[in-house]
Asker: 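Submitted below is the structure of interest, expressed as structure tokens.
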Protein chains: 2
Amino acid sequence: MSGKRSAILDLGEMLIRTRGYHAFSYHDISGPLAIRNAAVHYHFPTKADLGAAIIDRNMAQFGELTASWSHYPAGEQFRLFTQIYLASRQQGWVCLMGALSPAWDTLPGPMQAKLRQMGEEILDWLTGCRDKGKAAGVFGFGEPTRQKAQLVW
Amino acid sequence: MSGKRSAILDLGEMLIRTRGYHAFSYHDISGPLAIRNAAVHYHFPTKADLGAAIIDRNMAQFGELTASWSHYPAGEQFRLFTQIYLASRQQGWVCLMGALSPAWDTLPGPMQAKLRQMGEEILDWLTGCRDKGKAAGVFGFGEPTRQKAQLVW
DNA sequence: AAATCTACTTACTTATCAGTAAGTAAGCAA
DNA sequence: TTGCTTACTTACTGATAAGTAAGTAGATTT
């Protein structure tokens with residue numbers, strides 16, 4: 001029942017999405033949580049472990065959310081999807097993909113793999129979302145892309 | 001005269017756009033250019049100075065380019081604009097805005113100011129580009145945004 | 001010819017980073 | 001009650017970061 005572990009994941013995700021992977025350190029986590037640096041290393045031995053765990057949790061959350069929407073019409077599902085990004089954007093956050101991919105070349109291997117996986121999962125869902133809707137012409141593929149743009153621009 | 005200065009700017013821009021501001025150091029510049037660390041500090045006393053100079057040069061280049069396009073029709077101007085981003089994207093590069101804005105909160109003040117300025121200049125030009133075209137309905141405002149998306153996604 | 005400027009160099013400082021080794025208090029399990 | 005696990009702690013290491021002080025060879029100016 002480590003409440004600290006999830007608190008580290010929470011803070012870590014916030015830091016990545018507001019500052020970027022290379023612009024935060026374990027100190028930025030241990031300070032606010034009032035624990036020592038090594039305690040963060042206890043839960044996540046390396047920074048890459050932490051980064052990968054954050055992506056994992058994000059993917060799991062995405063899976064749960066979309067599963068809970070499964071009985072809604074495709075258009076509504078898509079609206080809910082974009083709503084999430086718009087809402088976090090208003091907080092000054094950027095999605096994980098938007099925060100991490102610009103520095104792709106500098107990411108540790110395991111994180112690259114997880115990120116790629118997450119990208120595929122989202123794209124698959126988005127594709128399925130479009131295919132399912134009978135009104136396939138109503139929302140073109142331009143819109144999700146446009147949505148993602150706003151997360152960075 | 002100082003060919004090194006512009007070589008530093010070239011390499012610095014490449015590093016920012018492929019790795020991000022926080023994922024490169026003066027060592028990554030001095031090494032390939034076969035000069036010492038302090039030589040980079042000679043030209044750009046702080047990393048923020050280097051970053052700001054890179055944004056400055058980018059803005060100047062944008063101004064020169066768009067000026068050289070001024071006699072083309074709006075649609076062609078817009079095509080040339082997107083072409084630049086698509087071409088660099090194929091090299092694995094990201095535009096300066098796309099590379100820097102995710103870590104906005106962590107950027108030194110002077111760089112934030114320059115970046116904001118660059119964003120405004122590009123948006124102004126884009127707006128002018130749209131207004132000038134008689135076929136204002138042909139390309140909506142969705143497309144430039146979509147273009148930017150590809151730079152990150 | 002002397003002084004100054006440009007474009008560096010060597011050698012250093014200070015700070016911060018990720019990561020590790022070793023120890024410990026509290027809880028549970030046999 | 002002994003031993004094992006969990007969730008930390010203190011105290012450190014080695015690497016790398018940005019930045020600086022002082023010196024210098026070569027070109028330019030006076």
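What you are looking at is a predicted structure, and each value in this text was computed from that prediction instead of being measured. Letters go in sequence order (proteins before strands), and every chain restarts at 1.
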Asker: Could you note down all residue pairs passing salt bridge (Lys or Arg N to Asp or Glu O under 4.0 Å) where residues 68-84 of chain B supplies at least one of them, sequence neighbours left out?
Answerer: B/Glu76-B/Arg79
Asker: Could I get the full list of salt bridge (Lys or Arg N to Asp or Glu O under 4.0 Å) partners for A/Asp105, not counting sequence neighbours?
Answerer: none
Asker: Please report the end-to-end axis angle for the helix from C/dA1-D/dT30 to C/dA30-D/dT1, five pairs per end, rounded to 10 degrees.
Answerer: 0°
Asker: Give me, pair by pair, the N or O atoms of the protein and of nucleotides 14-18 of chain D that are less than 3.5 Å apart, along with how far apart they are.
Answerer:
from: D/dA17; atom 1: OP1; to: B/Ser25; atom 2: OG; distance (Å): 3.2
from: D/dA18; atom 1: OP1; to: B/Lys47; atom 2: NZ; distance (Å): 3.3
from: D/dA18; atom 1: OP2; to: B/Tyr26; atom 2: N; distance (Å): 3.2

Asker: List the residues meeting side-chain hydrogen bond (donor to acceptor under 3.5 Å, both in side chains) with A/Lys114, not counting sequence neighbours, and say none if there are none.
Answerer: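 In terms of side-chain hydrogen bond (donor to acceptor under 3.5 Å, both in side chains), with neighbours along the sequence ignored, A/Lys114 is linked to A/Asp56.
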Asker: Which residue pairs pass the salt bridge (Lys or Arg N to Asp or Glu O under 4.0 Å) test with at least one member in residues 59-70 of chain B, sequence neighbours excluded?
Answerer: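 Qualifying pairs, neighbours excluded: none.
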Asker: Output all residues satisfying side-chain hydrogen bond (donor to acceptor under 3.5 Å, both in side chains) with B/Thr66, sequence neighbours left out; order by chain, then residue number.
Answerer: none
Asker: Please tabulate, one pair per line, each protein N/O and nucleotide N/O from nucleotides 3-5 of chain D that are separated by under 3.5 Å, including the distance.
Answerer:
none

Asker: Is the phosphate of D/dT6, meaning OP1 or OP2, less than 4.0 Å from a side-chain N or O of A/His43?
Answerer: no
Asker: Restricting to ring pair (Phe, Tyr, Trp, His ring centres under 6.0 Å), what partner residues turn up for A/Phe24, sequence neighbours left out?
Answerer: none
Asker: Taking salt bridge (Lys or Arg N to Asp or Glu O under 4.0 Å) as the cut-off, I'd like each qualifying pair that reaches into residues 29-54 of chain B, sequence neighbours left out, listed once.
Answerer: none
Asker: List for me each residue that meets ring pair (Phe, Tyr, Trp, His ring centres under 6.0 Å) alongside A/Tyr42, sequence neighbours excluded, and say none if there are none.
Answerer: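 Listed in chain order: nothing, the list is empty.
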Asker: Among pairs that include at least one residue of residues 14-33 of chain B, which meet salt bridge (Lys or Arg N to Asp or Glu O under 4.0 Å), considering only residues two or more places apart or in two chains?
Answerer: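 Matches after skipping sequence neighbours: B/Glu13-B/Arg17.
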